[in-house]
Peer 1: 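Dropping the structure in here first, questions after.
Only this structure's heavy atoms are used, side chains among them; waters, hydrogens and symmetry mates stay out.
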Amino acid sequence: MASTTATQHRVKPRSKVIRRLFRNRLSIIGILIVTLVIFVAIFAPWVAPYPQDAGPAVHFDRALQSPSWQYLFGTDEVGRDILSRTIFGARLALQYTLVVLGIALVVGIPLGLIAGYWSNSLAATFILRVIDVFLSVPPLALALAVTVAFRPSIMTAMIAISFTWWPWFARLVYGEVLKLKSQPYVEAARSLGQLAWIIQFKHILPNIISPIIVKATLDVSFVILLGASLSFLGVGAQEPIPDWGAMVARGRNYLPEQWWVSTMPGLAIFITVVGFNFLGDGIRDALDVWD
Amino acid sequence: MNLKTLGLVLLLLLGSAVAQEFTYLESQEVTVIDPALHTDESSLHAVINMYDPLVYPKVQEGLMEPGPHVAESWSVSEDGTVYSFKIRQGIRFHDGSELKAEDVAFSMQRLLAIQKGFSWLFAGVLESENIKVVDDYTVEFKLNNAYAPFIPSLTQLFIVNKDLIMKNVEDGEFGDFGDYGQAFLRDNDAGSGPYIPARYERASILELQRFDDYWRGWEEGQIERVFYRVVEEEATIRTLMNSGQADMIDQWQTPNSYEQLANNPNITVQEDPSAQLFHIEMNTQRPPLDNLLVRKAIAHAFDYQTALEQIFKGAVQARGPVPIKAWEAYGREPQIEPYLYDPELSQQELEASGIDPSTINLTYVYPVGGNVQRQVGLLLQSNLAQLGIKIQLQEVPWARIVEMSSSPESTPDMAAIYDTLKYPHPDSHLFGMYHPSALGSYRTISRYDVPTVSSILEEARSTIDIEKQLDLYQEAERMIVADYPSIYVANPLHRIAFQNYVEGYKYVGLLGYDVAFYDFRINK
């Protein structure tokens with residue numbers, strides 16, 4: 001009996017998960033988009049037609065040109081190629097998503113494990129109350145407050161978002177640990193005198209990894225959106241860093257006549273977010289986490 | 001009366017009501033409407049339309065020189081220290097009482113006591129106890145020293161109703177005067193100007209209603225009701241203007257927007273050479289910008305032509321800090337040669353300075369939403385990259401720039417600043433920017449402090465002979481420009497757009513005075 005309960009919670013055999021993932025049409029679209037975004041981000045300097053436009057460069061002689069074969073996405077108000085900037089923007093978006101989710105996972109998972117494993121302790125109460133405090137403030141407002149307090153830059157924006165993100169993971173892990181910690185295999189490990197942290201990381205964590213993966217994938221799109229919002233509000237990336245949100249914000253002065261200036265990076269945000277959402281949903285269905 | 005006639009009457013009523021209404025769009029909120037607190041353009045607009053200044057620039061004649069207004073005439077003592085003003089009789093405040101010398105004295109004392117807004121113009125120049133009410137229609141100011149720009153600076157002294165304010169004072173730091181009516185004037189007015197505020201919400205609207213008993217009288221076609229609306233989005237402003245829902249828009253849109261509006265046959269875009277300076281201040285106190293050669297290298301590395309043509313879309317290159325128009329107002333030619341774009345020269349200067357360009361990393365600060373400032377920053381960034389110098393662009397809220405410039409430690413390396421003439425005199429852009437007593441504002445981010453220049457400026461201020469005085473100001477300007485405290489970029493074109501049926505708009509170069517709704521006529 002004990003072993004069947006445990007396997008139910010175990011990660012499904014990898015091949016089966018992948019097969020189920022590819023059976024879903026939406027998740028295939030998601031995979032394609034995500035692969036494309038990652039590819040473009042990694043090889044940005046080679047893919048972008050005018051890589052120098054992502055840095056300090058101005059060409060006023062070709063400012064605000066509409067999309068053409070030469071400039072597929074058109075040019076912005078100082079004559080930079082929007083396609084090249086959008087491509088480098090993908091790099092940036094993925095970079096800060098990695099940093100934000102990295103920090104959120106590194107901080108959130110251990111705290112969630114501690115709070116869940118010793119759920120009646122003072123430490124757990126403390127952690128949970130802190131989580132409540134963080135969750136009660138809207139993430140955008142909190143991130144804004146943090147960035148305004150420091151100098152606006154891509155770095156502070158990232159830290160600000162991580163700041164708002166870890167409680168979600170901590171709470172997710174906490175809930176899952178609560179479910180698992182009285183499972184016979186955990187109790188077996190405990191009765192064998194296993195150290196608490198080994199039980200947490202070796203026995204519990206692998207069994208709750210699927211919901212974490214699903215949440216992290218779905219969160220990619222939220223982080224990209226939040227980062228873009230911060231830049232849109234002028235507290236994120238500074239010129240000439242090609243940040244999607246900032247590009248949309250600065251281009252909106254040229255709406256509706258020069259629509260391409262903000263529409264193109266806007267579409268990039270939209271497509272990337274949709275791609276990660278499809279992928280996240282696909283992975284969730286494949287892993288069947290919440291069935 | 002049958003239905004048809006009723007309809008016709010209603011239509012006529014509606015028609016006449018529409019004709020006298022006026023919608024003005026402003027992108028910057030109206031932070032205050034108190035004439036002792038105003039500093040920026042939108043609050044100045046509010047004050048100009050609700051109050052009367054002691055003297056008024058001769059806008060309708062196309063001059064910035066102040067002429068009689070509340071003061072019918074004035075005389076100055078031989079030594080230039082005692083000014084005596086004759087107050088015009090029959091000016092009524094909005095509550096019906098008459099404006100008298102007592103009110104003028106009170107207005108000045110109030111401004112000096114509160115020490116905000118434009119009080120810095122008179123700080124150290126005039127003491128409260130040296131203001132004398134001679135009779136009901138005569139007031140006398142005795143200055144500490146002769147002060148050349150005194151009359152021009154009185155365009156910022158707006159007369160408030162003493163009795164009304166004293167009836168409404170609350171407890172405050174000014175003893176018998178309580179809070180000097182600051183709480184009252186936050187939402188109310190105490191003026192005699194052509195308009196009375198009907199509604200005021202600082203971030204959205206100021207609604208003004210004609211004051212029927214205004215002393216200058218009213219004639220056909222003048223505006224009866226003004227909707228001064230705050231709209232931040234540039235695209236929205238353009239749309240409202242194109243669709244005819246707005247009658248006039250402010251001067252703060254990007255040149256690109258005015259270009260597009262000019263394509264609409266119903267809209268006039270008026271362009272005037274402005275009395276405004278756009279410059280990039282360089283902090284002369286902080287390394288490596290404390291080195292003259294580095295500043296010189298940077299100033300000659302900037303591509304002025306591209307900036308003027310592509311970013312400002314037609315502007316005159318600045319010749320020193322004082323806007324060219326300000327010299328012309330006094331019949332003088334500016335004597336400064338503009339800085340030139342000369343990459344070779346900058347390379348030489350940089351080498352001569354002995355500073356390794358790769359170690360230079362400067363911050364360039366500009367206000368949030370400052371589209372022109374941002375583009376100039378990008379241009380400078382790419383120009384300096386040729387020299388191997390790095391600069392970081394930083395978009396920060398305007399209030400933060402003001403705060404940063406208040407202390408030497410937080411003052412940024414470089415800042416992009418628009419500086420409009422504060423009063424019609426070259427002193428505005430010399431003493432106010434390069435005398436150490438002015439240190440600590442966004443106008444003094446270069447933190448320039450050279451004793452020889454300071455003493456020339458002081459001497460100029462107290463020189464009565466106008467020609468000698470102007471010579472001194474020009475000499476000071478020459479010395480300042482040779483020190484490269486700023487990259488003097490442009491005297492931009494002043495652009496404003498209005499519907500063709502709006503008449504009477506005149507721009508003379510003085511902040512705010514072009515948008516006096518009393519001057520406009522609607523001709524539909």
Peer 1: Can you confirm whether more than 12 heavy atoms, excluding those of Y418(B), are under 6.0 Å from its OH atom?
Peer 2: yes
Peer 1: Please state whether the side chain, the backbone, both or neither of Y366(B) comes within less than 4.5 Å of a heavy atom of chain A.
Peer 2: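 When you check distances to chain A, only side chain atoms of Y366(B) fall under 4.5 Å.
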Peer 1: Answer yes or no: are there more than 12 heavy-atom neighbours, outside W168(A) itself, under 6.0 Å from its atom CH2?
Peer 2: no
Peer 1: Any side-chain heavy atom of L64(A) within less than 4.5 Å of one from N256(B)?
Peer 2: yes
Peer 1: Look at R252(A) together with E234(B) and state whether they make a salt bridge at an N to O cut-off of under 4.0 Å.
Peer 2: no
Peer 1: Using a cut-off of under 4.5 Å for heavy-atom pairs, which of P256(A), G55(A), P240(A), A249(A) has the most such pairs with chain B?
Peer 2: P240(A)
Peer 1: With a sphere of 6.0 Å drawn around CD of Q285(B), does it hold more than 12 non-hydrogen atoms of other residues, nucleotides or ligands?
Peer 2: yes
Peer 1: Using every non-hydrogen atom in the two residues, find where S382(B) and P56(A) come nearest and quote the distance to one decimal.
Peer 2: CB-O, 3.7 Å
Peer 1: Does any non-hydrogen side-chain atom of R80(A) lie less than 4.5 Å from one of L378(B)?
Peer 2: yes
Peer 1: Mind checking whether N371(B) and Y254(A) have side chains closer than 4.5 Å, heavy atoms only?
Peer 2: yes
Peer 1: Do R374(B) and E239(A) touch side chain to side chain, with heavy atoms closer than 4.5 Å?
Peer 2: yes
Peer 1: Regarding Q260(B) and Q258(A), do their side chains bring together a donor and an acceptor under 3.5 Å, going by distance alone?
Peer 2: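 Their side chains do contain a donor-acceptor pair, which is all the 3.5 Å distance test asks for.
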Peer 1: Which bit of R238(B) is near chain A, if near means a heavy-atom gap under 4.5 Å: side chain, backbone, both or neither?
Peer 2: side chain
Peer 1: Between CZ of F60(A) and CD of E309(B), what distance do you get to the nearest 0.5 Å?
Peer 2: 11.5 Å
Peer 1: To check you understand the geometry: which heavy-atom pair defines the closest contact between A235(B) and L255(A), and what is its length?
Peer 2: CB-O, 3.4 Å
Peer 1: Answer yes or no: does atom CZ of F163(A) have more than 12 heavy-atom neighbours from other residues, nucleotides or ligands under 6.0 Å?
Peer 2: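 No, the 6.0 Å shell around CZ holds no more than 12 heavy atoms from other groups.
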Peer 1: Determine the option with the most heavy-atom pairs under 4.5 angstrom with chain A, choosing from L379(B), L384(B), V368(B).
Peer 2: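 Looking at each of L379(B), L384(B), V368(B) in turn, L379(B) comes out on top.
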Peer 1: Under 4.5 Å heavy-atom distance to chain A, tell me which part of E233(B) shows up: side chain, backbone, both or neither.
Peer 2: side chain
Peer 1: For A63(A), is it the side chain, the backbone, both, or neither that has a heavy atom closer than 4.5 Å to a heavy atom of chain B?
Peer 2: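 Neither part; nothing is under 4.5 Å.
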Peer 1: Does CZ in R171(A) sit with more than 12 non-hydrogen atoms of other residues, nucleotides or ligands closer than 6.0 Å?
Peer 2: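 No.
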Peer 1: Is R229(B) atom CZ crowded by more than 12 heavy atoms from other residues, nucleotides or ligands, each under 6.0 Å away?
Peer 2: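 Open: at most 12 neighbouring heavy atoms sit under 6.0 Å from CZ of R229(B).
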Peer 1: In the structure I gave you, are the side-chain heavy atoms of R250(A) and E395(B) within less than 4.5 Å of one another anywhere?
Peer 2: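 R250(A) vs E395(B): side chains touch.
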